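Note sheet for the following structure.
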Amino acid sequence: MGSPKTQHGNYFEDFHLGQTIIHATPRTVTAGDVALYTALYGGRFALPSSDLFAQQMGLPQAPVESMLAFHIVFGKTVPDISLNAIANLGYANGRFGQPVYPGDTLSSTSEVLGLRQNRDGKTGVVYVRTIGVNQRNEMVVDYVRWVMVRKRDLNAPAPETVVPSLPDAVAAEDLLVPLGSAPGSYDTARAGGPHRWGDYAPGERIDHLDGITIEEADHMLATRLYQNTARVHFNQHVEQAGRFGRRIVYGGHIISMARALSFNGLANAQCILAINGGRHTNPSFAGDTIYAWSEVLERSALAGRDDVGALRLRTVATKDRPCHDFPYKDGEGNYDPAVVLDFDYTVLLPR
Amino acid sequence: MGSPKTQHGNYFEDFHLGQTIIHATPRTVTAGDVALYTALYGGRFALPSSDLFAQQMGLPQAPVESMLAFHIVFGKTVPDISLNAIANLGYANGRFGQPVYPGDTLSSTSEVLGLRQNRDGKTGVVYVRTIGVNQRNEMVVDYVRWVMVRKRDLNAPAPETVVPSLPDAVAAEDLLVPLGSAPGSYDTARAGGPHRWGDYAPGERIDHLDGITIEEADHMLATRLYQNTARVHFNQHVEQAGRFGRRIVYGGHIISMARALSFNGLANAQCILAINGGRHTNPSFAGDTIYAWSEVLERSALAGRDDVGALRLRTVATKDRPCHDFPYKDGEGNYDPAVVLDFDYTVLLPR
Amino acid sequence: MGSPKTQHGNYFEDFHLGQTIIHATPRTVTAGDVALYTALYGGRFALPSSDLFAQQMGLPQAPVESMLAFHIVFGKTVPDISLNAIANLGYANGRFGQPVYPGDTLSSTSEVLGLRQNRDGKTGVVYVRTIGVNQRNEMVVDYVRWVMVRKRDLNAPAPETVVPSLPDAVAAEDLLVPLGSAPGSYDTARAGGPHRWGDYAPGERIDHLDGITIEEADHMLATRLYQNTARVHFNQHVEQAGRFGRRIVYGGHIISMARALSFNGLANAQCILAINGGRHTNPSFAGDTIYAWSEVLERSALAGRDDVGALRLRTVATKDRPCHDFPYKDGEGNYDPAVVLDFDYTVLLPR
């Protein structure tokens with residue numbers, strides 16, 4: 001029984017410190033992906049929506065949404081890194097590089113940065129740095145994530161524990177600005193809101209107001225679009241007997257929903273420069289209605305640029321709970337049970 | 001509580017006669033949008049489906065479906081015009097101009113043509129003319145709609161009542177023909193039906209036969225694709241406590257479904273030239289099966305063209321009711337309860 | 001009642017031996033179709049996914065998935081061939097020709113090869129050979145199928161019985177290789193698996209492991225994308241009173257799901273060269289979870305090519321039943337009730 005050609009994914013003992021993993025499948029991103037991304041999330045940021053607007057900001061055409069590039073790069077890592085994962089524990093030190101345009105072909109490669117077997121002897125944490133590159137081998141996105149992975153053989157020896165030290169946030173001087181010098185004709189009316197970089201202050205909180213209900217078809221279309229093969233998203237026949245009795249929504253789908261919702265209040269946050277950290281604090285399911293709010297954590301000038309600046313944000317997504325009172329953590333640091341995402345990232349705005 | 005940057009949309013007292021509203025977000029239409037539109041409605045008209053066929057009709061490539069252009073232009077107006085609307089009351093005087101091709105960038109601007117506060121003092125009707133233009137500032141679609149909008153402040157004074165006078169239909173001499181002179185090789189076999197302009201007569205009624213069931217994922221994908229943010233389409237968490245207990249399908253989604261169904265009997269009606277009027281007579285919901293029938297209202301020659309002509313049609317859509325007996329209104333002028341759409345528009349056919 | 005312009009499809013007595021049927025609607029395939037196909041099935045084969053990979057295999061850019069081309073060609077035949085069909089009985093002698101690239105326009109034409117009235121006098125079997133061509137009139141796919149079609153008039157005389165003789169499989173010498181001479185730099189790591197043509201042996205069986213649950217929205221989006229109008233897929237209002245009480249999934253949707261799942265174990269089977277035969281042994285419905293396994297039937301060299309070879313495969317899809325033990329037929333030749341597809345086809349792999 002069983003066929004030797006069937007791939008079952010890597011288990012904890014299959015990872016080695018310093019190991020490089022070349023992921024399948026190279027993927028040419030197209031205008032079709034962009035349209036689907038719009039249909040899936042309804043994003044309204046002008047830069048990825050309009051070639052004309054992008055040209056006014058100094059780019060040759062509209063780049064794809066930052067998170068679309070991320071999901072495509074991430075999806076490729078799943079069959080090698082997290083097919084046997086129990087949990088996707090976190091992200092850190094994510095930077096976006098070259099903008100991705102329709103026609104670009106993306107590939108992903110990962111390096112194992114750290115390993116730590118858990119005390120139960122059944123699982124371990126794998127830290128990988130993944131880099132996504134385009135057809136010219138230019139970095140388009142680069143990030144660290146760590147996942148808890150099952151052991152195949154409980155008797156396999158524990159590797160030496162190595163936990164990489166990761167920054168709390170990508171430093172402003174390490175951010176890459178995807179725009180040439182902008183010609184200064186930034187159109188806030190067409191962008192959808194008057195507030196520029198200087199209008200936001202650390203500590204400010206913004207309710208993004210609207211809620212969108214998830215359907216099974218939506219999240220599965222999205223996750224397949226990213227060629228992400230994690231089983232828990234797709235197989236109701238297995239999941240009906242699982243922990244939740246149902247398919248779990250890909251965490252990145254929630255990030256994209258929250259990012260699209262954040263247009264209301266952050267219309268000029270045209271692209272993401274960095275993912276400082278992120279946690280999926282609860283699973284989401286079809287039928288859940290996702291809401292979001294954001295807090296401005298930091299405002300940074302960008303070296304040599306007086307036309308654009310960076311804002312570090314925390315965007316929190318909830319399910320079935322509006323965010324007018326900014327639900328987050330209680331006094332003991334425990335998340336409000338409605339919170340599904342705590343996402344710390346840095347966006348670019350015009351000054 | 002509440003964040004000053006969150007946009008809540010305009011209320012009745014925020015509109016002023018003659019006011020011009022520049023809508024976010026410019027949108028580059030692509031082959032991706034066209035594919036999604038096909039997947040959402042299954043349209044089979046040859047002109048928007050085939051570059052080859054379009055070239056045989058004198059165009060450089062396949063233009064996008066008329067209603068796709070309309071929905072994109074319309075969607076942009078929602079956050080400014082109808083976010084606080086109770087009802088979308090009607091459309092009139094809609095004309096299509098330049099064909100839209102993949103690569104074109106569309107923007108929308110509206111002008112307030114009329115205002116009428118309702119007697120209850122809580123709501124009012126806003127009439128707007130919206131114009132959608134491409135990147136060369138050429139009109140692609142232009143129409144009037146009126147919506148009933150809530151007042152935020154019930155004590156705000158009523159504006160002077162101005163109700164624009166609107167034509168029953170766009171006059172034949174005002175129709176714009178998107179085709180150059182057609183080379184005369186129109187292929188009815190590939191188009192899918194033998195009936196040309198001259199084969200239709202006013203009063204003729206056509207059952208479009210098939211029915212298509214709406215899914216939540218379908219109508220939400222469509223409405224997000226159009227960057228239409230009307231809340232009633234997306235948020236089950238709120239709508240479960242609302243009037244209908246469920247999400248309402250965007251009315252334009254029904255128009256597109258009816259237009260796609262109308263291929264059976266109107267295969268050569270290659271594009272829409274005008275929207276004379278339209279009413280969503282009942283809400284539609286996921287699970288409803290949409291059927292449609294059409295009546296020919298008028299047949300008009302087009303000045304200087306002996307290759308193509310115009311037909312004014314009424315297409316009626318129903319839910320959960322086949323249309324072999326052409327359900328419409330009873331003797332007292334009340335709509336059959338199964339009717340969800342009464343759409344009066346003008347199409348182009350080869351002679 | 002009834003409108004003479006409404007098309008009701010052909011009935012058994014409308015078909016004549018040797019008849020040629022030109023199908024509507026020509027269709028330009030685009031990058032949008034490719035993205036949707038990825039979102040619908042999650043395929044990971046490198047050739048259709050990556051322009052870069054395709055160029056390394058000697059093609060100008062990524063061709064679309066073989067089955068996407070097939071579904072588009074097939075969809076056009078439905079309104080003429082199978083609108084009044086009771087069952088799609090089988091496929092044979094299917095060959096893929098010119099690769100299809102975004103921008104190509106496909107048209108379909110069918111010829112009636114055989115007719116056989118059933119003994120009940122109410123139905124008959126129609127055999128058609130369909131050819132799909134691109135805008136240069138080059139064959140892209142060519143196949144025979146046979147369907148059982150209702151008679152409109154039970155008194156219509158039976159035609160002479162003609163049953164075409166069809167090969168069990170397309171012979172290796174008749175296969176068309178869509179690649180120029182490959183430069184030899186085939187990258188198995190990026191392709192997603194180490195196993196080349198020579199690593200597979202007849203009799204070998206491979207479990208594709210994963211299962212994907214079908215949603216109503218998915219299969220209807222797919223089937224509309226292919227402009228396939230078969231009513232049983234779309235109309236719940238009618239189907240709720242039908243044989244199964246629900247919409248039936250287009251059989252081709254299952255083929256595409258099984259092909260996407262087959263990546264796990266057949267990652268280098270970059271395209272399909274032939275469809276030797278196929279049967280939909282049971283209907284599938286939304287909610288079903290589809291699994292698949294494959295058996296290698298034959299391994300053939302290709303004349304004049306030492307870089308690529310052909311494998312003839314049987315891929316079997318099941319619903320709600322994993323395939324680790326390769327469910328197929330019992331001792332009496334009856335299919336396991338979980339089997340929904342028995343598909344015999346030939347794929348291309350690098351040597």
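These figures come from a predicted structure and were not determined experimentally.
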Apply side-chain contact (heavy atoms from CB on, under 4.5 Å) to the pair A:L221 and B:L221, showing each step before the final yes or no. CA-CA 11 Å; A:L221 284 169; B:L221 283 169; 3.9 Å; yes
Heavy-atom distance under 4.5 Å to chain B: side chain of A:Q61, backbone, both or neither? neither
Can you tell which part of B:R231 gets under 4.5 Å to a heavy atom of chain A, answering side chain, backbone, both or neither? side chain
Quick one: which of A:A267, A:A260, A:G211 has the most heavy-atom pairs under 4.5 Å with chain B, could you say? A:G211
Separation between CG of A:D218 and CZ of B:R224, rounded to the nearest 0.5 Å: 4.5 Å
Considering only heavy atoms from C-beta outward, does the side chain of B:T6 approach that of A:H324 to under 4.5 Å? no
Output yes when a side-chain donor or acceptor of B:Q7 lies under 3.5 Å from a complementary backbone atom of A:G265, and no otherwise. no
A quick test of your reading: do over 12 heavy atoms of other residues, nucleotides or ligands sit less than 6.0 Å from NZ of B:K122? no
Most contacts with chain A, counted as non-hydrogen pairs under 4.5 angstrom, among B:Q135, B:E239, B:E216, B:E215: B:E216
Testing the basics here: between A:R205 and B:S3, what is the closest heavy-atom pair and its distance to 0.1 Å? O-CB, 3.2 Å
In Å, rounded to the nearest 0.5 Å, how long is the span from NZ of B:K5 to CD of A:E204? 3.0 Å
In Å, rounded to the nearest 0.5 Å, how long is the span from NE2 of B:H233 to OG1 of A:T213? 13.0 Å
If I measure from the heavy atoms of chain B, does A:Y37 come under 4.5 Å with its side chain, its backbone, both, or neither? neither
Looking only at B:G32, B:P26, B:A24, B:A217, most heavy-atom pairs under 4.5 Å shared with chain A are made by B:P26
What's the separation between atom OG1 in B:T105 and atom CZ in A:R190, rounded to the nearest 0.5 Å? 11.5 Å
Heavy-atom proximity to chain A below 4.5 Å, by part of B:L36: side chain
How far apart are the C-alpha atoms of B:T28 and A:L52, what are their side-chain angles, what is the distance that settles it, and do they pass the side-chain contact (heavy atoms from CB on, under 4.5 Å) test? CA-CA 8 Å; B:T28 301; A:L52 208 62; 5.7 Å; no
Which atoms of A:D33 approach chain B - backbone, side chain, both or neither, heavy atom under 4.5 Å: neither
Segment of B:S108 engaging chain A (4.5 angstrom heavy-atom cut-off): backbone
Can you tell me how far the NE2 atom of B:H237 sits from the CD1 atom of A:I290, to the nearest 0.5 Å? 11.0 Å
Per-residue contact mode, A:L266 against chain B (heavy atom under 4.5 angstrom): neither
Checking A:D210 against B:N235 for the side-chain contact (heavy atoms from CB on, under 4.5 Å) test, could you report, in this order, the C-alpha distance in whole Å, the side-chain angles of both residues, the deciding distance, and whether it holds? CA-CA 8 Å; A:D210 291 318; B:N235 188 327; over 6 Å; no
A:A62 versus chain B, heavy atoms under 4.5 Å apart: side chain, backbone, both or neither? neither
Go through the atoms of B:P102 and report whether side chain, backbone, both or neither lie under 4.5 Å from a heavy atom of chain A. neither
Quick check: closest heavy atoms across B:T30 and A:A35, and the distance to 0.1 Å? OG1-CB, 4.3 Å
What distance separates A:N264 CG from B:T229 OG1, expressed to the nearest 0.5 Å? 8.5 Å
Between A:F263 and chain B, which part of the residue has a heavy atom less than 4.5 Å away: side chain, backbone, both or neither? side chain
